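Computed from a predicted model, the values in this text were never measured in an experiment.
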Amino acid sequence: MSLRARVLLALAAFFALTAQRDPILVPEVSQHEIQVRQGFTGTELLLFGAILDPDGRRARRDYDIVVVLKGPTEPILLREKEKTLGIWVNAHSTSFRSVPSFYALASSRPIDQIVDERTAAIYELGLDFLQLSPTGAIDPEEQARFTTGLVDLRSREGLYQQVGDGVTISDDVLYQARIAIPSNVRTGRYTAETFAITDGRVIASATAEVEVKKLGFERLVAEEADQSSVLYGLFAVALSLVMGWGAGRLFALV
């Protein structure tokens, strides 16, 4: 069944169960589970859907679509290095309570042409409006510097993305966006949220979920590291010693 047929079928079922006045947004993703196996080099996730008026007709006003794919949040400690006497050493540091492990935004137009800064901040629409929740007291300028550095680092790793023309809209009804999932993506539950926006106001939103799972040996290692961190650490140290000893013996024989 084609993407268009799947979306329209879902809309028909939805209309039969609701009589709301607000526009109806039905999102979908090309795969609800991404399997990370040995040799995984990344993949591409397709987010698509449609928006119609409650009577089942094409929306009678122009709108923009913004899709956001967000990974599990995690606390992190960020350190800043500075050069002292020719040596790079740790200087200032700060902690964040809830940093998205992955964040990708695609929109039909650049965000600053769709909503104002207040609305963007409320819905976290864009890398400039991520709410990372720093812990403790921190100078606003220092916080901005650390936040910018973190976003830049993860953007270079492919974990943070923002594409201002990444959503295409067909027939004023169907939309789609493609988001690159890098090989270093973290496992866990991801939320794909879609926003329909008109005149700078969010008129509809809906979510879908994607699960990123490790399979095979990688999954076993990840589970042991999570459930038995002490034993995993001891095993890793022992393995390093054995490999180091083996390498030393091999070079001694050459």
Side-chain angles (χ1 to χ4, degrees), residues 34 36 40-45 47 66-167 177-193 195 207 210 212 214 218 222 225-226 229 233 236:
I34 296 176
V36 179
F40 177 73
T41 58
T43 187
E44 186 178 68
L45 188 66
L47 290 79
V66 179
V67 297
V68 176
L69 181 65
K70 187 181 295 185
T73 60
E74 57 188 355
I76 69 166
L77 173 63
L78 196 64
R79 299 184 184 276
E80 186 178 54
K81 291 185 177 294
E82 64 179 21
K83 203 170 187 178
T84 303
L85 300 177
I87 301 175
W88 289 99
V89 297
N90 291 328
H92 302 286
S93 65
T94 189
S95 298
F96 295 96
R97 287 193 299 268
S98 56
V99 177
S101 56
F102 181 87
Y103 178 94
L105 177 146
S107 52
S108 51
R109 290 187 296 159
I111 286 295
D112 58 2
Q113 299 179 18
I114 298 176
V115 295
D116 56 25
E117 292 186 357
R118 178 177 178 275
T119 303
I122 291 174
Y123 294 97
E124 291 187 272
L125 300 180
L127 296 176
D128 293 335
F129 302 98
L130 287 177
Q131 300 175 16
L132 305 179
S133 303
T135 59
I138 182 172
D139 179 74
E141 292 186 2
E142 186 175 347
Q143 177 182 340
R145 187 174 73 254
F146 274 103
T147 300
T148 300
L150 175 61
V151 171
D152 178 67
L153 175 63
R154 296 206 162 176
S155 295
R156 286 187 276 112
E157 294 174 341
L159 296 173
Y160 283 4
Q161 311 166 24
Q162 181 170 338
V163 183
D165 58 352
V167 176
R178 298 181 183 275
I179 292 179
I181 307 297
S183 59
N184 57 339
V185 68
R186 177 184 167 182
T187 58
R189 182 166 297 177
Y190 286 59
T191 301
E193 190 163 13
F195 301 90
T207 60
V210 178
V212 179
K214 286 187 176 180
E218 290 79 5
D226 183 58
S229 57

Practice problem: Taking the side chain as every heavy atom from C-beta outward, state whether V68 and E124 have any atom pair closer than 4.5 Å. | Solution: no
Quiz prompt | Point-to-point distance, once rounded to the nearest 0.5 Å, from OG of S98 to CG of L132 | solution = 7.0 Å
Quiz item: Strictly by modelled atom types, are D116 and T119 linked by a side-chain donor-acceptor pair under 3.5 Å?
Solution: yes
Quiz item: With side chains defined as the heavy atoms from C-beta onward, is the minimum distance between L150 and I76 less than 4.5 Å?
Solution: yes
Quiz item: Within a reach of under 6.0 Å around CD of E141, are more than 12 heavy atoms found that belong to other residues, nucleotides or ligands?
Solution: no
Self-check item: Q162 side chain vs S107 backbone, donor-acceptor pair below 3.5 Å
Solution: no
Self-check item: 4.5 Å side-chain heavy-atom contact, F102 and I179
Solution: yes
Exercise. Hey, could you give me the CZ/CD distance between R97 and Q131, rounded to the nearest 0.5 Å?
Key: 11.5 Å
Exercise. Please round to the nearest 0.5 Å and tell me the distance separating atom CZ of R154 and atom CG of L127.
Key: 12.0 Å
Quiz prompt | Approximate separation, where rounding is to 0.5 Å, of K70 NZ and L130 CG | solution = 7.0 Å
Self-check item: Minimum heavy-atom distance between S101 and L159, given as atom pair plus value
Solution: O-CB, 3.9 Å
Self-check item: Within-4.5 Å side-chain heavy-atom neighbours: V185 and Y190
Solution: yes
Quiz prompt | Between CG on residue L125 and CD on residue E117, distance to nearest 0.5 Å | solution = 12.5 Å
Quiz prompt | Student check: side-chain heavy atoms of Y160 and P100 closer than 4.5 Å | solution = yes
Exercise. Find out whether F40 and I34 are in side-chain contact, i.e. whether some heavy atom of one side chain is under 4.5 Å from a heavy atom of the other.
Key: yes
Exercise. To the nearest 0.5 Å, tell me how far Q161 CD sits from L69 CG.
Key: 8.5 Å
Quiz prompt | More than 12 heavy atoms from other groups under 6.0 Å of CZ on R109 | solution = yes
Self-check item: Heavy-atom check, side chain of P182 versus side chain of E157, under 4.5 Å
Solution: no
Quiz item: More than 12 heavy atoms of other residues, nucleotides or ligands under 6.0 Å from CD of Q113: is that the case?
Solution: yes
Quiz prompt | Side chain proximity check, L105 to V66, heavy atoms < 4.5 angstrom | solution = yes
Quiz item: Has the side chain of T43 got a donor or acceptor atom that lies under 3.5 Å from a matching backbone atom of I181?
Solution: no
